[in-house]
Amino acid sequence: MQRRDFLKMGFGVGAAFSLETLSGLFPVAAAAEAPAAGAAAAGTPALVAVRGNSRVAMLDAALEALGGISAFVKPGQTVVIKPNCAWDKGPELSANTHPDLVGRVVKLCREAGAARVVAFDHSCDAWQRVYRVSGIQEAVEKNGGEMLSGADEGMYREHANPQARNLKSAKVHKAILDSDVYINMPVLKHHGGARMTACMKNAMGLVWDRGFFHSHDLHQCIADSVLLRKPDLNILDAFAPMLRNGPKGKDENDLISTKALLAGTDIVAVDAAASKLLGNAEGEVRHIDLAAEMGLGEKDLSKVVIKRITLT
């Protein structure tokens with residue numbers, strides 16, 4: 001199948017990819033900035049949706065709409081960043097969070113006065129090679145952060161999760177449990193079992209025993225994992241989402257260029273918007289419904305304050 005035919009099949013649109021048709025996140029007409037929408041017109045939005053040509057510029061615009069990095073990071077604090085850094089793939093294949101985004105967040109946290117900024121993932125492929133090939137380790141260290149291993153069981157600590165339905169406890173990476181600020185930074189992509197990798201699914205990399213998720217209702221455990229520690233900020237790399245063969249992917253034919261970034265404090269709302277962005281039907285990504293049912297966030301985007309920004 002040719003790439004252009006795959007794109008048409010995947011979205012049911014022609015050459016123009018319309019986020020308005022799929023999700024209502026952006027206005028049809030390009031604009032420098034569109035007003036917030038949702039339950040309230042004033043105040044900090046729960047979700048920021050940005051389109052543009054530069055990942056870093058889009059990130060900066062999203063953070064500005066959320067009150068700046070200083071709204072989340074204070075001087076002297078320790079920050080943990082959890083990218084999706086699981087696969088031995090380069091940045092161009094969208095299997096991992098793009099290193100430019102991760103490096104930028106590290107830099108901004110340090111400029112905000114963070115005493116320490118660390119990043120890690122419990123990689124699926126050989127972790128040292130993943131960290132290198134993904135470009136994430138270099139980006140983190142170049143901007144004043146540290147990469148921690150996620151492959152050492154000694155770095156994990158048993159943590160009770162009493163409000164969960166299935167995942168009642170888990171060994172969680174110490175960086176998540178001990179840091180003052182937790183920034184969740186996944187990449188948007190297809191996933192064979194969970195239908196989609198986004199903000200909630202990224203929490204599987206926080207725990208040592210990922211196998212438990214697959215043997216105890218994957219979607220429920222993904223929803224439960226939010227309770228291990230809710231992120232202070234979610235930043236979703238949706239610049240070139242993987243539409244098939246996820247979570248690892250094969251080649252660039254699995255991707256489509258949406259040039260989007262989603263950010264916000266409501267993890268359910270961000271994932272609900274991401275699901276629509278991928279063209280999933282209502283209820284198709286079951287962990288979104290489960291998390292909303294558990295009171296972990298709002299899945300109905302008509303009730304969410306959304307800031308829409310289009311950069312030219």
Same apolar cluster: [X] and [Y], side chain cutoff 4.5 Å:
X	Y	value
Met204	Val172	yes
Val50	Leu66	yes
Leu93	Val187	no
Val118	Val79	yes

Does any N or O in the side chain of [X] come within less than 3.5 Å of the main-chain N or O of [Y], such that one atom is a donor and the other an acceptor?
X	Y	value
Asp209	Gly211	yes
Ser149	Ala151	yes
Ser134	Gly90	no
Arg55	Asp237	no
Asp232	Ile183	no
Arg210	His122	yes
Asp266	Glu298	yes
Asn166	Cys221	no

Is it true that the side chains of Ser302 and Asp300 contain a donor and an acceptor less than 3.5 Å apart?
->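 The criterion, which ignores hydrogens and geometry beyond distance, is satisfied for Asp300 and Ser302.
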
Do you see a donor-acceptor pair shorter than 3.5 Å between the side chains of Asn53 and Lys259?
->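 A pair is found: one side chain offers a donor N or O, the other an acceptor, under 3.5 Å apart.
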
Electrostatic pair Arg157:Asp178 at N-O distance under 4.0 angstrom =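 Judged by the 4.0 Å cut-off on N to carboxylate O distance, Arg157 and Asp178 do form a salt bridge.
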
Check against side chain to side chain donor-acceptor pair (under 3.5 Å), Glu284 and Ser275 | CA-CA 9 Å; Glu284 194 169 352; Ser275 182; over 6 Å; no

Between Asp254 and Asn245, is a side chain to side chain donor-acceptor pair (under 3.5 Å) present by the stated rule, with each step listed?
-> CA-CA 7 Å; Asp254 293 333; Asn245 295 319; 2.9 Å; yes

Residue pair Leu167 / Phe213, side-chain heavy-atom distance below 4.5 Å =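 Yes - at least one pair of side-chain heavy atoms lies under 4.5 Å apart.
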
Any side-chain heavy atom of Arg104 sitting closer than 4.5 Å to one from Asp60?
->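 They are in contact (side-chain heavy atoms under 4.5 Å apart), so the answer is yes.
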
Identified ring-ring contact (aromatic ring centres under 6.0 Å, His included) counterpart of His219 within the set His287, His191, His214 =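 Of the listed residues His287, His191, His214, the ring-ring contact (aromatic ring centres under 6.0 Å, His included) partner of His219 is His287.
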
Decide ring-ring contact (aromatic ring centres under 6.0 Å, His included) for Phe120 and His173; before the verdict, give the C-alpha distance in whole Å, the side-chain angles of both, and the deciding distance to 0.1 Å.
-> CA-CA 9 Å; Phe120 80 96; His173 200 285; 3.8 Å; yes

Parallel, tilted or perpendicular: rings of His216 and Phe212 (30°, 60°) |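 Parallel.
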
